[in-house]
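See below for the structure under consideration.
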Amino acid sequence: MIITPDPHPLDFSKSDLIRSPGLHASDIYSALYARLDPKRYDFAGPPNTLLMALGTAWENQLEYLLIANGVKAYRPGELTSPEGVHYSPDLIIQNGETRVGEIKLTSMGFDELPTEEATSFPPKFSKYECQMMLYTYWLELQHGWLGMVSIRKPWAPEFRAYNIQWSPQELISNWQMCMNFAKSEGML
């Protein structure tokens, strides 16, 4: 046997996802969380394209699994808010209540996540909730669905999913926080 490393590099940034030029919701909430918790969210350097490719692969697989299990879900593509901010929910789910669906591949552990009905997520998941609430507000909905897989233990990945309902005031407050931050940073 002869084993030789393959010299042809792969560009993991190649994607069929469309991203319009201009301000994106992820620009706003990523900068906000970099300000709120810089040790955790203020990344120096380019994004990890391999990790992004793995996340996209997981999104595609989970979307397939949801549909194969009778869930009415679809990717809406890129949308634009009334303020001119582009955003791309992972899914719109239409089983019972129409929900904004977000799919996450994370290295965070799930030990602190609720296993019964609760009124909040642990703070380390607040960026996900901020993102979902912003999309939910813009879509004039009140419900979300968060599906996550944790690869903290690669030999034993975990999956969790949550149905979430926000009050109109919670959605407005989150939207105001994000828009005020974007204006203060000269984004809007």
Side-chain angles (χ1 to χ4, degrees), residues 12-36 41 43 47-49 51-106 121 125-149 161-188:
F12 293 109
S13 68
K14 300 284 185 200
S15 173
D16 60 357
L17 300 175
I18 297 169
R19 187 170 171 97
S20 298
L23 182 62
H24 291 258
S26 61
D27 298 326
I28 297 170
Y29 59 76
S30 293
L32 172 63
Y33 275 84
R35 175 76 53 82
L36 293 173
Y41 293 108
F43 304 114
N48 184 325
T49 55
L51 188 57
M52 292 170 66
L54 289 170
T56 301
W58 169 238
E59 289 173 9
N60 290 331
Q61 180 62 21
L62 186 54
E63 178 187 14
Y64 167 81
L65 289 170
L66 289 170
I67 293 168
N69 281 277
V71 175
K72 294 177 186 171
Y74 69 94
R75 288 184 178 269
E78 187 176 79
L79 306 170
T80 304
S81 78
E83 303 83 9
V85 178
H86 303 291
Y87 64 107
S88 302
D90 292 337
L91 297 172
I92 301 297
I93 299 173
Q94 296 179 307
N95 279 28
E97 293 290 343
T98 301
R99 299 177 182 279
V100 171
E102 275 301 311
I103 302 169
K104 300 295 182 188
L105 173 76
T106 182
F121 283 110
F125 294 94
S126 62
K127 185 177 174 187
Y128 296 168
E129 189 172 11
C130 176
Q131 174 189 6
M132 292 181 66
M133 290 173 76
L134 198 52
Y135 298 172
T136 302
Y137 174 84
W138 281 328
L139 290 168
E140 299 179 355
L141 300 172
Q142 280 189 259
H143 297 87
W145 182 88
L146 177 60
M148 301 181 286
V149 68
Y162 295 93
N163 290 316
I164 307 165
Q165 179 177 345
W166 294 283
S167 71
Q169 187 54 48
E170 288 172 314
L171 295 170
I172 291 168
S173 293
N174 183 74
W175 170 79
Q176 287 175 330
M177 174 183 68
C178 291
M179 294 302 100
N180 288 341
F181 177 78
K183 287 174 187 170
S184 74
E185 296 295 306
M187 296 176 169
L188 284 176

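Positions are given from 1 along the sequence.
- Distance check, rounded to the nearest 0.5 Å: CE of Met133 to CD of Gln142 gives 10.5 Å.
- A side-chain donor-acceptor contact under 3.5 Å links Glu78 and Ser20.
- Within the 4.5 Å cutoff, the side chain of Gln131 has no heavy atoms near those of the Tyr87 side chain.
- Trp166 meets the side-chain hydrogen bond (donor to acceptor under 3.5 Å, both in side chains) test with Glu129; sequence neighbours excluded.
- A distance of 9.0 Å separates CE in Met187 from CG in Leu32, rounded to the nearest 0.5 Å.
- Between the side chain of Tyr33 and the backbone N or O of Ser126, at least one donor-acceptor pair lies under 3.5 Å.
- To the nearest 0.5 angstrom, Ser26 atom OG is 8.5 Å from Lys127 atom NZ.
- Contact check on Asp27 versus Arg19 returns a salt bridge, with a Lys/Arg side-chain nitrogen under 4.0 Å from an Asp/Glu carboxylate oxygen.
- Nearest heavy-atom pair across Ile67 and Ala73 is CD1-O, 3.5 Å.
- Judged by distance alone, with hydrogens and angles left aside, the side-chain atoms of Asn180 form a donor-acceptor pair with the main-chain N or O of Gln176 at under 3.5 Å.
- Between Glu102 and Lys104, at least one side-chain N (NZ, or NE/NH1/NH2) sits under 4.0 Å from a carboxylate O, which counts as a salt bridge.
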Evaluation steps, side-chain contact (heavy atoms from CB on, under 4.5 Å), between Phe121 and Tyr162: CA-CA 10 Å; Phe121 283 110; Tyr162 295 93; 3.8 Å; yes
Applying side chain to side chain donor-acceptor pair (under 3.5 Å) to Trp175 and Glu170, what does each step give before you reach the verdict? CA-CA 9 Å; Trp175 170 79; Glu170 288 172 314; over 6 Å; no
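- Aromatic ring orientation, Trp138 versus Tyr135: parallel (interplanar angle below 30°, classes split at 30° and 60°).
- Atom CD1 of residue Ile28 and atom CG of residue Leu134 lie 6.5 Å apart, to the nearest 0.5 angstrom.
- Residues His143 and Thr98 have side chains not in contact (no heavy-atom distance under 4.5 Å, counting atoms from C-beta outward).
- Open room surrounds OH on Tyr64; 12 or fewer heavy atoms of other groups in view lie less than 6.0 Å from it.
- Taking every heavy atom of both residues into account, Asn95 and Val71 meet most closely at ND2-CA, 3.5 Å.
- Side chain of Ser81 to backbone of Val85: a donor-acceptor contact under 3.5 angstrom is found.
- At a threshold of 4.5 Å between non-hydrogen side-chain atoms, the residues Trp145 and Leu66 count as touching.
- For Tyr29 and Phe181, the distance between ring centers is not under 6.0 angstrom.
- Between Glu63 and Leu91, some side-chain heavy-atom pair lies under the 4.5 Å cut-off.
- Across every non-hydrogen atom of Arg99 and Asn163, the tightest pair is NE-OD1, 3.5 Å.
- Ring geometry for His24 against His86 counts as tilted: the plane angle lies between 30° and 60°, on a 0 to 90° scale.
- Atom CE of Met179 has more than 12 heavy atoms from other residues, nucleotides or ligands within 6.0 Å.
- Between Gln169 and Ser167, the side chains place no donor N or O within less than 3.5 Å of an acceptor N or O (distance only, hydrogens not considered).
- Under a 3.5 Å cut-off, the side chain of Gln165 and the backbone N or O of Gly144 do not form any donor-acceptor pair.
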Dump the intermediate steps for side-chain contact (heavy atoms from CB on, under 4.5 Å) on Ile93 and Lys72, then the final yes or no. CA-CA 6 Å; Ile93 299 173; Lys72 294 177 186 171; over 6 Å; no
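- Side-chain contact between Ile92 and Leu139 is present, with heavy atoms from C-beta onward closer than 4.5 Å.
- Among Leu105, Ile103, Thr106, the one residue that satisfies the side chain to side chain contact (heavy atoms under 4.5 Å, CB included) test with Val149 is Leu105.
- Residues Arg75 and Ser88 have side chains not in contact (no heavy-atom distance under 4.5 Å, counting atoms from C-beta outward).
- For the residue pair Pro89 and Pro76, the shortest heavy atom distance occurs at O-CD, 3.5 Å.
- Between Met132 and Ile164, some side-chain heavy-atom pair lies under the 4.5 Å cut-off.
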